[in-house]
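One structure is given below, encoded as structure tokens.
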Amino acid sequence: MWVLTPAAFAGKLLSVFRQPLSSLWRSLVPLFCWLRATWLLASKRTKQQLVWREPDETKEEEEDPPLSTTPTSVNYHFTRQCNYKCGFCFHTAKTSFVLPLEEAKRGLLLLKEAGMEKINFSGGEPFLHDRGEYLGKLVKFCKTELQLPSVSIVSNGSLIRERWFQNYGEYLDILAVSCDSFDEEVNVLIGRGQGKKNHVENLQKLRTWCRDYRVAFKINSVINRFNVEEDMTEQIKALNPVRWKVFQCLLIEGENCGEDALREAERFVIGDEEFERFLERHKEVSCLVPESNQKMKDSYLILDEYMRFLNCRKGRKDPSKSILDVGVEEAIKFSGFDEKMFLKRGGKYTWSKADLKLDW
């Protein structure tokens, strides 16, 4: 098939119309055939280009696999049961389940093999189950057999006895005790009251035991509507914790707000500006580590009582499958963990008591 340039095509067309009428039709036939062939060829090339581009675009999208997450620091809430009734609690007693000890150890081994360096045991109240013996055995296992650099506990402190320190204190790096106020009436309003027991007095006793048994002492405080105007500077300085973690009260659907929640924490919530004013009031406290809602929500690897990672990205706790069933690498994909925010908020710090060089 012959192909013409635009100039040649014009010349050909002009010569056709100069011919006698009898030969005009004979000359037009090859011209129409050429036009039809040119149009078909152009259509075919266009289709080929479209087919050629689509796989490339798809290939580009598939070239970025998700980055794997290392469970460097894990918070294991092995029980939801608690002896306190804090109104803002975001991990409430929705089940009474606790894994058998050997299953819990198997899960902890899996986490160690996946890169875990720090384990934090929490609840609920972790000293409630089996009077702290279950917890003590896990602490000892993590330090002696798994040889983790850091083993820590978060507790309200009300059920801890000196005998526990005598049996397990050497295996524990950090004990974090929850204390939201140094005014006992405010503690009762929040839900930390326990009859005649004084939460603040008990805190002083725990501080002494931590020093005696060489456990780093830490304080956690949730800043809320009832304590946001309090000045805790002098009391915190006197207790001298290695860290004072200050959290902004956080709402989690299904835990402390919403239809299925066991708490109604809306009345405890404070705004960002109020939280900032509290921090400004305590800026002279060198051990202060603040965590706003934005920093806290997705920057923790949370493992529930079934050893499922809890994803809080949608404002609620959506569980993955258990690491005991699918392994750590598969389960952690659904954790919603923000590793960049974890590092930004100072999630990785000197967390081994051997490295803290404390003056006991």
**Request:** Evaluate side chain to side chain donor-acceptor pair (under 3.5 Å) for Thr79 paired with Glu305, printing each intermediate quantity in order.
**Result:** CA-CA 6 Å; Thr79 179; Glu305 64 272 27; over 6 Å; no
Would you list the atom pairs, donor with acceptor, under 3.5 Å between side chains in residues 337-348 and any protein atom, with sequence neighbours excluded?
residue : atom : partner : partner atom : Å
Asp338  : OD1  : Lys340  : N            : 3.2
Asp338  : OD1  : Met341  : N            : 3.1
Arg345  : NE   : Ser299  : OG           : 2.7
Arg345  : NH1  : Glu291  : OE2          : 3.3
Arg345  : NH2  : Ser299  : O            : 2.9

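- Taking 4.5 Å as the limit, some side-chain heavy atom of Phe88 sits within range of a side-chain heavy atom of Ile190.
- With Ser335 contributing its side chain and Phe309 its backbone, the two residues share no donor-acceptor pair below 3.5 Å.
- A donor-acceptor pair under 3.5 Å is formed between the side chain of Asn256 and the backbone N or O of Ile252.
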**Request:** Run the numbers on Glu255 and Thr92 for side chain to side chain donor-acceptor pair (under 3.5 Å), then give the verdict.
**Result:** CA-CA 6 Å; Glu255 297 284 355; Thr92 55; 2.8 Å; yes
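- Not a single donor-acceptor pair under 3.5 Å links the side chain of Glu266 to the backbone N or O of Cys257.
- Aromatic rings of Tyr168 and Trp164 (six-membered ring for Trp) have centroids within the 6.0 Å cut-off, being under it.
- The number of heavy-atom neighbours closer than 6.0 Å to CZ of Arg106, taken from other residues, nucleotides and ligands shown, is above 12.
- Grouping the Ile, Leu, Val, Met, Phe, Trp and Tyr side chains by contacts below 4.5 angstrom, directly or via other members, places Tyr84 apart from Val188.
- With hydrogens and angles ignored, the 3.5 Å screen pairs no side-chain donor or acceptor of Glu117 with any backbone N or O of Ser73.
- Counting only distance, with no hydrogens or angles, the side chain of Glu103 and the backbone of Pro100 share no donor-acceptor pair below 3.5 Å.
- Closest of all the heavy-atom pairs between Asn156 and Arg192 is CB-NH1, 4.0 Å.
- Judged purely by atom type and a 3.5 angstrom limit, Arg263 has no side-chain atom pairing as donor or acceptor with the backbone of Gly87.
- Here the shortest heavy-atom pairing between Lys112 and Leu148 reads CD-CD2, 3.7 Å.
- Salt bridge annotation for Arg277-Glu280: absent, with no cationic side-chain nitrogen under 4.0 angstrom from a carboxylate oxygen.
- Summarising the geometry of Phe127 relative to Ser155, their closest heavy-atom pair is CD1-OG, 3.6 Å, with the distance given to 0.1 Å.
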**Phe226 and Phe268: CA distance, side-chain angles, deciding distance, ring-ring contact (aromatic ring centres under 6.0 Å, His included) verdict** = CA-CA 7 Å; Phe226 296 100; Phe268 290 89; 5.2 Å; yes
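- Around atom CZ of Phe278, more than 12 heavy atoms belonging to other residues, nucleotides or ligands sit under 6.0 Å away.
- In terms of modelled atom types and a separation under 3.5 Å, the side chain of Thr70 and the main chain of Gly115 share no donor-acceptor contact.
- Residue Lys94 holds its NZ atom at 5.5 Å from CG of Leu262, rounded to the nearest 0.5 Å.
- More than 12 heavy atoms of other residues, nucleotides or ligands shown are found within 6.0 angstrom of CZ on Arg313.
- Side chain of Lys143 to backbone of Glu170: no donor-acceptor contact under 3.5 angstrom is found.
- Annotation for Lys85: atom NZ does not count as buried by contact number, only 12 or fewer foreign heavy atoms lying within 6.0 Å.
- Ring planes of Phe121 and Phe78: perpendicular class, angle over 60° (limits at 30 and 60°).
- Contact of the Lys118 side chain with the Asp173 side chain is not registered, since no non-hydrogen atoms from C-beta on lie closer than 4.5 Å.
- In this structure, the side chain of Thr208 engages the main chain of Gln204 through a donor-acceptor pair within 3.5 Å.
- Between the side chain of His77 and the backbone N or O of Ile302, no donor-acceptor pair lies under 3.5 Å.
- Looking at Lys237 and Glu284, a side-chain N of the basic residue comes within less than 4.0 Å of a carboxylate O on the acidic one, giving a salt bridge.
- Between Arg281 and Glu230 there is no salt bridge, since none of the side-chain N atoms of the basic residue sits less than 4.0 Å from a carboxylate O of the acidic one.
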